[in-house]
Amino acid sequence: MNVIEDLRQRGMIQDIMPGTEELLAKEKVAAYVGVDPTADSMHVGNLATIMLLVFLQKYGHTPVALVGGATGMIGDPSGKSAERNLLDEETLLHNQKGVRAQLEKLLDFDTEANPARLENNYSWFKDMGALDFLRNVGKHLTINYMMAKDSVKSRVETGLSFTEFSYQLIQGYDFYHLYKNGGVKIQMGGSDQWGNITAGTELIRRMDGGEAFAFTCPLITKADGSKFGKSEGGNIWLDPNQTSPYKFYQFWMNATDEDAAVFIKRFTLLPMDEIEALIAEHEKAPHLRALQQKLAEEITVMVHSRDAYDQAVRASQALFKGSKEDLMALSKSELLEVLEGVPTHTLKRDSHGDSLDMVSFLSTETGILPSKSEAMRSLKANSISINKEKVAEGSEITEKDLLNGEFILVQKGKKNKFLVILE
RNA sequence: GGAGGGAUUCCCGAGCGGUCAAAGGGGGCAGACUGUAAAUCUGCUGCUUCGGCUUCGGAGGUUCGAAUCCUCCUCCCUCCA
């Protein structure tokens, strides 16, 4: 089986240029995807195209990640309805460092045969003058050609700056540069990048008479139409400091059946027959959630580590399955270890005798909920649990509620957990 | 430059000068049912010392009383030049 065949089975091929599959079957080649350094960490959304690199490497080809230091300064109009803000050089540099560290976990940069490579287009754009660019690059594509791109067409009505308009040229030149100097023959990306990518192959043809190839993967959509990669708290980041491994693990555990079946194909390296078997197993006994569990395991281990995964599982066991007694039985260090990654709030020990009314405890004293009204509402809705036991309106927090003399586990609904530490 | 129309709570959108913290929808949160799923049903969705308090683009004004009337300002849209 070749990469394309594999990717196709996983639903990861959207558009593909004729000849791409043949090329990949015939020889080992280098292919790249661009990563926008808009933050100092990638999020699960970025993971979709990074997986293309991962698969590529698995099949013996050379994956190249292009961090868009230069393109990040321009802003891609694709899929954007409004002009983007430009980032300054310092921020971009900082972001690139973060992204690089994460890529190193997903791709093998040290293997002998086909080590992954990281490029930064800032290195070839920073010294290029405007005149050079216009004469040597801009000359090769017509306005008519560029205007025909969807990303441009959709913005003509509402307005599009020259800067964003020229984005496809910049990105196209990236491909040309990598083709010419890095032996890269294929560009990949999300399907929204198709227009930019073909600008690149076109440029290579016109500037050099060369032939380059490309393919894209479908953008990830969830069954209910909501945006992939977000949860209540915002983006799901790969950086454990921004999204704890526990939360990361939970994100995947919470995938719907339908989504999990898609995700496991796209985000794990599990062979397809194994995946098919899992899906079948899951259909027979959906309540066991074998699919979500495997999905969460594979991705958490890959992005974080086996340890972080084990940790997340322990925390989830305690939080979802455990009883009050189980919690009470844990020592302080066990408790802290198990609840690693659960949002923490502190409570001042002094000044309120030995009991505290529930409303103040939830709002003003710990900040778990933003206002007393909100706390009141949640209590009325019967959604608050203290140490796994539902509490009613008007109840109080007392010494007896403390686990190990200093902790309280608060839950709002089924999924929102908070650890309160008494100081 | 001229003539009109508009700006409302997270979003869309309704709103006789009092009974409007403001219809309705969306979204969000929660409860029930389940499987930490989907679908469905239900409730909640400004703050509060529960007396009230602060909200309807901004600043003033009229009035016992304004989101609703008047004046000026800002921004947006349409039409004419």
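Letters go in sequence order (proteins before strands), and every chain restarts at 1. Both backbone and side-chain heavy atoms feed into the values below; hydrogens, waters and symmetry mates do not.
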Identify the nucleotide, in any strand shown, that forms a Watson-Crick or G-U wobble pair with [N], with both distances under 3.5 Å; if there is none, say none.
| N | value |
| --- | --- |
| B:U62 | none |
| B:C75 | B:G6 |
| B:A38 | none |
| B:C47 | B:G52 |

Between [Y] and [X], does any NZ, NE, NH1 or NH2 come within less than 4.0 Å of an OD or OE carboxylate oxygen?
| X | Y | value |
| --- | --- | --- |
| A:Glu365 | A:Lys348 | no |
| A:Lys332 | A:Glu334 | no |
| A:Arg314 | A:Asp310 | no |
| A:Lys284 | A:Glu281 | no |

Among [options], the nucleotide that comes nearest once only the side chain of [X] is considered:
| X | options | value |
| --- | --- | --- |
| A:Lys412 | B:A30, B:U36, B:G35 | B:A30 |
| A:His282 | B:G35, B:U36, B:G31 | B:G35 |
| A:Arg377 | B:U48, B:G35, B:C47 | B:C47 |
| A:Asn416 | B:U36, B:G35, B:A30 | B:A30 |
| A:Ser371 | B:A30, B:U48, B:U36 | B:U48 |

What interatomic distance, in whole Å, is found between [atom1] of [M] and the corresponding atom of [N]?
| N | M | atom1 | value |
| --- | --- | --- | --- |
| B:A81 | B:C76 | P | 23 Å |
| B:G17 | B:G61 | C1' | 15 Å |
| B:A23 | B:C77 | C1' | 26 Å |
| B:G57 | B:C10 | P | 13 Å |
| B:A59 | B:A66 | C1' | 16 Å |
| B:A21 | B:U68 | C1' | 15 Å |
| B:C56 | B:A67 | C1' | 5 Å |
| B:G27 | B:A38 | P | 14 Å |

Relative to the 5' end of RNA chain B, which residue comes earlier, A:Ser378 or A:Lys321, by the nucleotide with the nearest heavy atom?
A:Ser378

Position toward the 5' end of RNA chain B (nearest nucleotide), A:Asp224 or A:Phe320
A:Phe320

How many whole angstroms separate atom [atom1] of [X] from atom [atom2] of [N]?
| X | N | atom1 | atom2 | value |
| --- | --- | --- | --- | --- |
| A:Gln411 | B:U36 | CD | P | 13 Å |
| A:Leu369 | B:U48 | CG | P | 11 Å |
| A:Leu288 | B:A37 | CG | C1' | 13 Å |
| A:Asn254 | B:C29 | CG | P | 12 Å |
| A:Lys372 | B:C47 | NZ | C1' | 12 Å |
| A:Gln250 | B:G35 | CD | C1' | 14 Å |
| A:Leu379 | B:C29 | CG | C1' | 14 Å |
| A:Gln293 | B:G35 | CD | C1' | 11 Å |

Indicate yes or no for a side-chain donor-acceptor contact from A:Ser378 to the backbone of A:Glu374 under 3.5 Å, with no hydrogens or angles considered.
yes

Checking A:His345 side chain against A:Thr366 main chain: does a donor-acceptor pair fall under 3.5 Å?
yes

When you measure from the side-chain N and O atoms of A:Lys390 to the phosphate of B:G31, is any distance below 4.0 Å, counting only OP1 and OP2?
yes

Can you find a side chain N or O atom of A:Lys415 that sits less than 4.0 Å from OP1 or OP2 on B:C29?
no

Classify [X] by what it touches in the nucleic acid, base, sugar-phosphate, or nothing, heavy-atom distance under 4.0 Å.
| X | value |
| --- | --- |
| A:Ser373 | base |
| A:Lys380 | nothing |
| A:Gln292 | base |
| A:Asp257 | base |

Going by side chain to side chain contact (heavy atoms under 4.5 Å, CB included), A:Val67 matches just one of A:Gln96, A:Arg100, A:Lys97. Which one?
A:Gln96

Anti/syn call for B:G51, syn if |chi| within 90°:
syn

Side-chain donor-acceptor contact under 3.5 Å, A:Asn254 with A:Gln292:
no

